[in-house]
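In what follows, a structure is listed as structure tokens, so that the remarks can point back to it.
Below, each value reflects all heavy atoms present in this structure, side chains not excepted, and no hydrogens, waters or symmetry copies.
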Amino acid sequence: MRKWTAYLVLILAQMCSDTHAANWAHWRGPTGNGTAPDANPPVEWSNTKNVKWKVAIPGHGLSSPVIWENRVFVTSNAPASGQAQGGLPTMEFKVYCFDRKNGEKVWEQVATVAKPHEKTHDTNSFSSASPCTDGQHVYAHFGSRGLFCYTVDGKFKWKREDFGKMKTLNGFGEGSSPTLEGDKIIVPWDHIGPSALYALDKLTGNTIWMEKRDEPTGWATPLIVEHAGRKQIIMNGQNFARSYDLETGKELWRCDGQTKRPIASPVAANGVVIVGSGFQGAFIGAFRLDGHDDIKNTDKVKWVINHDAPDVASPLLTTSGRLYFHKGKSGQLTCVDAATGKPHYVAQRIEGVDATYASPIAAGGHVYLTGRSGKTTVIQDADELKVVHTNDVGETVSATPAPVDNELFLRGEDHLFCIATP
């Protein structure tokens, strides 16, 4: 009887483990490349078909959802009670937690109440940085309003409101997301002013190190990679793509070539990191991670592409070794071999995807391409462009979807959707 009981416990534990095989704890997923290797979400849906649940999110935000087991986290902002519409009102900046099973709100917290010091672009928001979580805490970054840490149950732990006030190019607004690695949370701070990269203790918010950066406004998110036993932070930048030592903040290598005000975040695999930008120009470079100092015109630059580079949406690097990226803010898609930079196809128009802010993602042998129209076109992860299905949730989508297990979480202008086959 005891053996049978132990066997049942083992089976139940395995079933629970299989129910949530992976999490999507950061807006670029568990690999940092936009892929969910263990997920297999639906390829067909509408605003009613294959919608497991749909919940309204008050206010406005472009942050992408992150998921840990049964919790879904998003951020938003809305005018504080009694504030007149128009202009720049005092706002409540909120963190929401929803139950993954049914979309019911588990908790919400007002991180801060503040009046933005400068405007943002009409298509941006004041809640564009995506949260991140390690399963114990969730971190919500509201840029100039501060960085806030809560337990996954909604208990406040710490805040940092001393980074200053960003001044962004043309008042386009803020949006870089932090990244968790080990005991640290890495916070980018590039703007028209003193730019820097911060490493904070994730449990206390205290500064471990701060490295000054001679960079203007940028919106890229840090990528953490490991090479030869050393973890590096890769940052895009208008002046240089750079690598920093995770433990000390020391700059390891740099290479110029990027275009103005980079937004796209890096991807990496097999000892190579790929960094690109596509505003007022085009540049994508593949850099070996064993470089030192300035690596321009050295063999540490593996390949370069000078056309059709991504602007807002970050590139996607799939486990098959294919690199996908949109041209500028358009839906035109290029697919190249990540190892060589050689194209499979270039700047192909994608049905239903005309303008893009959301970054492409991959799961279950498919690539998901989401346009601001609310349409997501699913294609095969293949050398040839093969469309599987085009879907529409019926509202604007600027946030990057999150695939976890057999579900897809999609944040629209007004709602958060959980897409799943019944």
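Across E211, E215, Q232, a single residue satisfies side chain to side chain donor-acceptor pair (under 3.5 Å) together with R242, and that is E215. Among L180, T221, T133, the single residue meeting the side-chain contact (heavy atoms from CB on, under 4.5 Å) criterion with H26 is T221.
The aromatic rings of H121 and F172 lie perpendicular to each other, with more than 60° between the two planes, well past the 30° mark. A perpendicular orientation is assigned to the rings of W189 and H191, their planes being inclined by more than 60° (bins at 30° and 60°).
Rounded to the nearest 0.5 angstrom, S76 OG and F93 CZ are separated by 9.5 Å. Interatomic distance, OG of S144 versus NE2 of H117, reported as 4.0 Å (0.5 Å rounding). The distance from atom CD of Q280 to atom NZ of K260, rounded to the nearest 0.5 Å, is 5.0 Å. For the atom pair SG of C335 and CD of Q348, the computed distance is 10.5 Å after rounding to the nearest 0.5 Å. With values rounded to the nearest 0.5 angstrom, N47 atom CG is found 9.5 Å from H415 atom NE2. The distance from atom SG of C418 to atom CD of E407, rounded to the nearest 0.5 Å, is 4.0 Å.
Although no hydrogens or angles enter the test, the distance criterion places no donor-acceptor pair under 3.5 Å between the side chain of E92 and the main chain of V110. Proximity of a side-chain donor or acceptor of S130 to a complementary backbone N or O of S64 within less than 3.5 Å is detected. The backbone N or O of E69 lies less than 3.5 Å from a partner atom in the side chain of R100, making a donor-acceptor pair. A donor-acceptor pair under 3.5 Å links the side-chain atoms of D99 to the main chain of K101, judged by distance alone. Panel note: side chain R213, backbone D190; no donor-acceptor pair is recorded below 3.5 Å. Remark: side-chain polar atoms of S277 are not paired, donor with acceptor, to backbone N or O of P262 under 3.5 angstrom. With hydrogens and angles ignored, the 3.5 Å screen pairs no side-chain donor or acceptor of N77 with any backbone N or O of G61. Using a distance-only test at 3.5 Å, with no hydrogens or angles considered, a donor-acceptor pair links the side chain of N391 to the main chain of T376. Checked by atom type and distance alone, the side chain of Y139 pairs as donor or acceptor with a backbone atom of K202 at under 3.5 Å. Between the side chain of W107 and the backbone N or O of V152, at least one donor-acceptor pair lies under 3.5 Å.
Heavy atoms from other residues, nucleotides or ligands lying under 6.0 Å from CD of E161 number more than 12. Summarising the local packing, CG of D162 is surrounded by more than 12 heavy atoms from other residues, nucleotides or ligands at distances under 6.0 Å.
In this structure, T31 and T35 approach most closely via the heavy-atom pair OG1-OG1, 2.8 Å. Between P401 and T370, the shortest heavy-atom contact is CG-OG1, 3.5 Å. The nearest pair of heavy atoms linking D392 to S373 is OD1-O, 4.1 Å. Across every non-hydrogen atom of P188 and P178, the tightest pair is CD-CA, 4.2 Å. The minimum heavy-atom distance between V312 and T356, with the atom names listed, is CB-O, 4.1 Å. When all heavy atoms of V353 and L369 are compared, the pair lying nearest together is CG2-O, 3.5 Å.
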Can T396 and T123 be said to form a side-chain contact (heavy atoms from CB on, under 4.5 Å), step by step? CA-CA 10 Å; T396 301; T123 59; over 6 Å; no

Can you check side-chain contact (heavy atoms from CB on, under 4.5 Å) on I186 and L246, steps first, answer last? CA-CA 9 Å; I186 308 302; L246 174 67; 3.8 Å; yes

Could you go through the side-chain contact (heavy atoms from CB on, under 4.5 Å) check for H344 and L385 one step at a time? CA-CA 9 Å; H344 296 304; L385 178 59; over 6 Å; no

Could you please spell out the steps behind the side-chain contact (heavy atoms from CB on, under 4.5 Å) verdict for M91 and F142? CA-CA 12 Å; M91 296 184 181; F142 294 104; over 6 Å; no

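Between W253 and F287, the ring center distance clears the sub-6.0 Å criterion.
In this structure the side chain of D337 never reaches within 4.5 angstrom of the side chain of L323, judged on heavy atoms. Side-chain contact between Y368 and T400 is absent, with no heavy atoms from C-beta onward closer than 4.5 Å. At least one side-chain heavy atom of L197 sits under 4.5 Å from a side-chain heavy atom of W209. In this structure the side chain of D183 never reaches within 4.5 angstrom of the side chain of L203, judged on heavy atoms. Side-chain contact between N239 and P216: present, with at least one pair of heavy atoms (C-beta onward) separated by less than 4.5 Å.
For T318 and S320, the side-chain atoms include at least one donor-acceptor pair closer than 3.5 Å.
Using a 4.0 Å cut-off between charged nitrogen and carboxylate oxygen, R230 and E247 do not count as a salt-bridge pair. Between D153 and R71 a salt bridge is recorded (basic side-chain N to carboxylate O distance below 4.0 Å). In this structure, D414 does not pair ionically with K54, as no charged nitrogen and carboxylate oxygen lie closer than 4.0 Å.
The side-chain tip of R160 points at the ring of F163 from less than 6.0 angstrom away and within 45° of straight on.
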